[in-house]
**Q** 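Sharing a structure, written as structure tokens. Questions coming.
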Number of protein chains: 2
Amino acid sequence: MPNVTQLMAGHSPLPLYVQIRDSLRRQILDGHFEVHARLPSENDMMNTFGVSRITIRQALRDLHNEGLVFSAQGKGTFVSKPKAVQNVQRLEGFGEAMAAQGYEASARVLSIQQMKAPKAVAAALDLQPGDETVEVKRVRYLNRSPVCIENSYFPMDVGRQMFSLDLSGDIFPMLENLFDIPLGGADISLDAILADNETQQYLNLKAGEAILRVERLTHNRDGRPIDFEYLCYRGDSFKYQFRIDRK
Amino acid sequence: MPNVTQLMAGHSPLPLYVQIRDSLRRQILDGHFEVHARLPSENDMMNTFGVSRITIRQALRDLHNEGLVFSAQGKGTFVSKPKAVQNVQRLEGFGEAMAAQGYEASARVLSIQQMKAPKAVAAALDLQPGDETVEVKRVRYLNRSPVCIENSYFPMDVGRQMFSLDLSGDIFPMLENLFDIPLGGADISLDAILADNETQQYLNLKAGEAILRVERLTHNRDGRPIDFEYLCYRGDSFKYQFRIDRK
DNA sequence: CACTCCCCCTTGTTATGACAAGTTATGGCG
DNA sequence: CGCCATAACTTGTCATAACAAGGGGGAGTG
């Protein structure tokens with residue numbers, strides 16, 4: 001008797017809480033709710049969607065992590081003030097993230113080569129000193145302006161397959177769909193440096209400009225490091241945004 | 001009959017899943033588990049701790065968000081490789097975060113004054129143009145070296161009380177304990193800029209060095225913005241680290 | 001010996017039910 | 001009229017139960 005309601009007609013490959021989460025997210029982003037407006041109570045939503053409370057709460061938890069809503073015990077769940085960049089909590093490649101915001105993103109491959117892993121790369125990818133890796137250098141464009149230099153390093157079993165592929169798009173979907181490597185999480189580290197000569201040249205910078213440098217180590221779902229990258233963004237044309245919580 | 005087990009003797013003010021989460025975290029950080037070792041299964045933990053599965057999962061979900069563990073369906077839950085900076089998913093002030101890693105952190109107040117809110121500050125704090133704010137400027141030291149300039153802006157009802165207080169420590173605990181303002185989440189944005197004259201001077205920098213600039217807008221638990229800050233870190237002596245997930 | 005299929009163990013999802021804790025509105029009492 | 005107790009809601013925590021989905025190992029078969 002329960003759960004007669006199916007949000008999608010026919011087959012339903014996605015978990016209910018994902019469907020509900022996405023449905024609520026769309027409504028919020030479409031402006032269906034005012035900023036700081038109270039969402040229907042969890043009890044209401046149980047009836048609306050025809051699911052149990054635990055499922056509603058799982059959907060709300062995700063939206064909360066995304067920074068779209070916040071809750072207050074005894075009062076309700078409310079819509080957050082909209083942010084310029086939403087949902088950076090999720091691991092996304094440059095192109096995926098920008099496309100989601102309506103930008104036109106592209107990439108140009110500078111070089112791809114097999115080489116001995118530099119020390120920091122070997123440590124990150126769990127390789128022995130002297131082991132080989134595949135290095136891919138690319139420039140990232142936003143609306144046809146260069147904004148980022150990307151140096152990626154892959155272990156040989158992954159990188160070997162890259163020489164024969166078109167690398168002008170996103171690499172994450174390629175890893176997942178073509179290589180069948182389900183991605184898990186990534187460790188990210190940010191600092192600021194001055195542009196070196198090569199970076200200056202490719203990003204059309206004057207001498208001595210500030211660069212936002214991101215180190216990103218992406219793991220597959222089993223925790224094995226798959227992709228170690230240095231991303232050097234123009235400091236004046238890119239911001240990294242996200243949201244964290246107390247407690 | 002259920003739940004006879006109490007982890008702490010006597011009263012138990014903390015939720016069970018918090019106690020379990022903290023207990024597991026301590027064991028992991030103490031090296032009780034090897035890196036990549038499998039944790040006891042959720043079923044085992046149910047017996048060990050004498051709680052239901054939902055409680056175990058709630059604890060594991062938090063540890064997963066902290067980047068301490070990762071799970072693989074059908075296989076188990078595993079310990080992540082340890083990171084230099086752990087737990088940046090949680091909203092912490094500079095001093096709190098550094099103290100947790102064994103650094104000696106301190107602050108020196110440069111100025112505190114009431115002033116008209118600059119445009120960006122007013123927008124962030126939800127103030128009308130022309131409204132007054134309290135600005136606090138401080139230098140942050142790590143092991144007695146200056147690493148960060150901090151400009152904080154508070155709405156008047158909060159900032160008014162700051163003139164009579166010692167601001168050489170952390171402000172977050174002060175807001176929570178002295179002002180009784182429970183903190184919720186924060187929106188963070190990072191970019192890279194060049195040091196201006198004032199920053200150069202206070203951080204002992206040469207001309208034209210790179211600065212990692214953090215904008216942080218902290219809300220109370222009801223979603224009202226309480227504290228808007230610009231944090232300018234020396235690019236060469238500080239890194240921002242965190243972890244995000246796919247899906 | 002090798003290969004396949006099946007069972008068991010693991011995490012993932014979901015339902016139902018219950019009580020605690022915090023907020024708000026209502027209504028009665030002084 | 002004002003104050004306070006209380007009822008009605010809301011989110012937070014937790015128990016019990018069940019099935020789905022994915023992985024691994026062992027047994028059986030070729």
**Q** Does one side chain, of B:E215 or B:Y230, offer a donor that lies under 3.5 Å from an acceptor on the other?
**A**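 Note: B:E215 and B:Y230 side chains miss the donor-acceptor criterion.
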**Q** Please state how far atom CZ in A:F78 lies from atom P in D:dT10, giving the value in whole angstrom units.
**A** 11 Å
**Q** Would you kindly give the CZ-to-C1' distance between B:R57 and C:dT10, to the nearest whole Å?
**A** 11 Å
**Q** Show the nearest heavy-atom pair for residues A:A186 and A:R216, with the distance to one decimal.
**A** CB-CG, 4.0 Å
**Q** Using atom CZ of B:F49 as one end and atom P of D:dC14 as the other, report the distance to the nearest whole Å.
**A**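 Result: 13 Å.
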**Q** Map A:I54 and A:L60 onto DNA chain D by nearest heavy atom, then report which one ends up closer to the 5' terminus.
**A** A:L60
**Q** Rounded to the nearest Å, what distance is computed from the CG atom of residue A:D222 to the C1' atom of nucleotide D:dG23?
**A**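 Going from A:D222 (CG) to D:dG23 (C1'), I get 10 Å.
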**Q** Check the distance between D:dG24's P and B:R38's CZ and give it to me in whole angstrom.
**A**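 So the CZ-P distance, B:R38 to D:dG24, works out to 11 Å.
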**Q** When you measure from the side-chain N and O atoms of B:T55 to the phosphate of D:dA15, is any distance below 4.0 Å, counting only OP1 and OP2?
**A** yes
**Q** What is the per-nucleotide protein-contact pattern of nucleotides 20-27 of chain C, from the 5' end, where B denotes a base atom under 4.0 Å from a protein heavy atom, S denotes such proximity for sugar-phosphate atoms only, and - denotes neither?
**A** -BBSS---
**Q** State whether A:T77 places a side-chain N or O below 4.0 Å from either non-bridging phosphate oxygen (OP1 or OP2) of D:dT10.
**A**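 No, A:T77 has no side-chain N/O under 4.0 Å of OP1/OP2 on D:dT10.
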**Q** On DNA chain C, compare the nucleotides closest to B:G76 and A:I56; which residue's is nearer the 5' end?
**A** B:G76
**Q** For A:H64 and D:dT10, what is the distance between atoms NE2 and P respectively, to the nearest whole Å?
**A** 19 Å
**Q** Measuring to OP1 and OP2 of C:dT14, would you say a side-chain N or O of A:Y17 lies under 4.0 angstrom away?
**A** no
**Q** Counting only side-chain heavy atoms from C-beta out, which of C:dT16, C:dT11, D:dG12 sits nearest to B:S71?
**A**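 Nearest to the side chain of B:S71 among the choices is C:dT11.
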**Q** Using five pairs at each end of the helix from C:dC1-D:dG30 to C:dG30-D:dC1 to define an axis, what is the angle between those two axes, to 10°?
**A** 0°
**Q** Is there a side-chain contact between B:S41 and the phosphate of C:dT10, meaning an N or O under 4.0 Å from OP1 or OP2?
**A** yes
**Q** Measure CE/A:M46 against P/D:dT11 and give the value in whole Å, please.
**A**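 Taking atom P of D:dT11 as the reference, CE of A:M46 is at 11 Å.
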**Q** Do side-chain atoms of A:D62 reach the backbone of A:A59 as a donor and acceptor pair under 3.5 angstrom?
**A** no
**Q** Measure from CG on A:N43 to P on D:dA8 and round the result to the nearest Å.
**A** 15 Å
**Q** Using a 4.0 Å heavy-atom cut-off, does B:R61 contact any base of the nucleic acid, only the sugar-phosphate backbone, or nothing at all?
**A**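 Nothing: the residue B:R61, judged by heavy atoms under 4.0 Å, touches no strand.
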**Q** Tell me every residue that passes ring pair (Phe, Tyr, Trp, His ring centres under 6.0 Å) with B:F179, counting only those two or more places apart in sequence or in another chain.
**A** none
**Q** Donor-acceptor pair, A:T48 side chain versus A:D44 backbone, under 3.5 Å?
**A**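 Flag set: sc A:T48 to bb A:D44 pair under 3.5 Å.
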**Q** Quick check on D:dT16: is either OP1 or OP2 less than 4.0 Å from any side-chain nitrogen or oxygen of B:R53?
**A**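 No, no such contact exists.
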**Q** Please name the pair of heavy atoms, one in B:L167 and one in B:M162, separated by the smallest distance, quoted to 0.1 Å.
**A** CD1-O, 4.0 Å
**Q** Parallel, tilted or perpendicular: which fits the ring planes of A:H36 and A:F70, with parallel below 30° and perpendicular above 60°?
**A** perpendicular
**Q** Pick from A:L60, A:V79, A:I28: which one makes a side-chain contact (heavy atoms from CB on, under 4.5 Å) with A:L68?
**A**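 Only one option passes, and that is A:I28.
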**Q** Given side chains that start at C-beta, do those of B:R26 and B:H32 come closer than 4.5 Å, heavy atoms only?
**A** no
**Q** Between B:N43 and B:S41, is there a side-chain donor-acceptor contact under 3.5 Å, judged purely by atom types and distance?
**A** no
